[in-house]
Amino acid sequence: MKKEFRIKKNKEFQSVFKKGQSFANRQFVIYKLKKEEQVHFRIGLSVSKKIGNAVKRNQIKRYVRQAFLELDDMLENKYDYVIIVRKPVADMSFEEVKKSLIHILKIAKVLSKKN
């Protein structure tokens, strides 16, 4: 995933938390914030140290980024997304992570019906 599609700065994370809407399931909490001037969506990831060691946390982040890349054409583009990963994700495969993300994105009404 290209760097311009990621949220990196704390100020940007905080604005999504304060102004955005949140949606949750057992594995993820997703905040979305509409940004009209944006051409492409951006994602920010938060994986707590409680979830595992650095290797496991990085693996989870790779899974989530890859799932978003695969869902790129079905996602609403004018949004910033912040994804908070919960503990059950540590024991999940990529396919399970992707399925759970699809579920939560449908709840958030940002996934088109092409799926």
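Every value quoted in this text rests on a predicted model; they were computed, and no experiment measured them. These values consider heavy atoms only, across backbone and side chains, with no hydrogens, waters or symmetry-generated copies.
- Residue Arg57 holds its CZ atom at 13.0 Å from CG of Leu45, rounded to the nearest 0.5 Å.
- Summarising the local packing, CZ of Arg26 is surrounded by 12 or fewer heavy atoms from other residues, nucleotides or ligands at distances under 6.0 Å.
- Lys32 places a side-chain N or O within donor-acceptor distance of the main-chain N or O of Ala108, the cut-off being under 3.5 Å.
- Atoms NZ and CZ, on Lys3 and Arg42 in that order, are 14.5 Å from each other to the nearest 0.5 Å.
- Using a distance-only test at 3.5 Å, with no hydrogens or angles considered, no donor-acceptor pair links the side chain of Arg86 to the main chain of Phe28.
- Rounded to the nearest 0.5 Å, atoms CD (Glu4) and CZ (Arg6) are 10.0 Å apart.
- Of all the heavy atoms in Leu111 and Leu75, the pair that sits closest is CD1-CD2, 4.0 Å.
- Leu101 and Val16 fall into different hydrophobic clusters, where Ile, Leu, Val, Met, Phe, Trp and Tyr are joined by side-chain heavy atoms under 4.5 Å apart, directly or via other members.
- Phe17 and Val64 fall into different hydrophobic clusters, where Ile, Leu, Val, Met, Phe, Trp and Tyr side chains are chained together by heavy-atom contacts under 4.5 Å.
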Next on the checklist: Applying side chain to side chain contact (heavy atoms under 4.5 Å, CB included) to His40 and Asp72, what does each step give before you reach the verdict?
Outcome noted: CA-CA 9 Å; His40 199 278; Asp72 185 9; 3.4 Å; yes

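- Two residues are said to be in side-chain contact when any heavy atoms from C-beta on lie closer than 4.5 Å; Met92 and Gln27 meet this criterion.
- The number of heavy atoms from other shown groups lying within 6.0 Å of NZ (Lys78) is above 12.
- Glu12 has its side chain out of reach of Asp80: every pair of non-hydrogen atoms, C-beta onward, lies at least 4.5 Å apart.
- Hydrophobic clustering of Ile, Leu, Val, Met, Phe, Trp and Tyr side chains at less than 4.5 Å, counting indirect connections, keeps Ile104 apart from Ile7.
- In this structure a side-chain-to-backbone donor-acceptor pair under 3.5 Å is missing from Glu70 to Ala67.
- Of the possible donor and acceptor atoms, none in the side chain of Ser100 sits under 3.5 Å from a partner among the backbone N and O of Val97.
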Item to check | side chain to side chain contact (heavy atoms under 4.5 Å, CB included) assessment of Ile83 paired with Val29 | outcome: CA-CA 6 Å; Ile83 297 100; Val29 178; over 6 Å; no

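- With a 4.5 Å cut-off on side-chain heavy atoms, Leu105 and Met74 do not count as touching.
- Applying the ring-ring contact (aromatic ring centres under 6.0 Å, His included) test to every pair with at least one member in residues 59-78, sequence neighbours left out, gives these pairs: Phe41-Phe68, Tyr63-Phe94, Phe68-Tyr81.
- Looking only at distances, a side-chain donor or acceptor of Lys56 sits under 3.5 Å from a matching main-chain atom of Ala90.
- Note that CG of Asp91 is 9.0 Å distant from CD of Glu96, once rounded to the nearest 0.5 Å.
- Between Ile107 and His103 the shortest side-chain heavy-atom distance falls below 4.5 Å.
- Between the OG atom of Ser48 and the CD1 atom of Ile84 there is a distance of 10.5 Å, given to the nearest 0.5 Å.
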Checklist entry - Could you walk me through whether Leu33 and Tyr79 pass the side chain to side chain contact (heavy atoms under 4.5 Å, CB included) check? => result CA-CA 5 Å; Leu33 178 64; Tyr79 282 96; 5.7 Å; no

Checklist entry - Between Val39 and Asn77, is a side chain to side chain contact (heavy atoms under 4.5 Å, CB included) present by the stated rule, with each step listed? => result CA-CA 6 Å; Val39 184; Asn77 275 333; over 6 Å; no

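- Separating the CD atom in Gln38 from the CD atom in Glu36 is a distance of 10.0 Å, to the nearest 0.5 Å.
- One hydrophobic cluster, built from ILVMFWY side chains closer than 4.5 Å, cannot hold both Val47 and Tyr31; they sit in different ones.
- Within a 6.0 Å sphere centred on NZ of Lys19, heavy atoms belonging to other residues, nucleotides or ligands number 12 at most.
- Residues Ile51 and Val82 do not share a hydrophobic cluster, defined by chaining ILVMFWY side chains whose heavy atoms lie under 4.5 Å apart.
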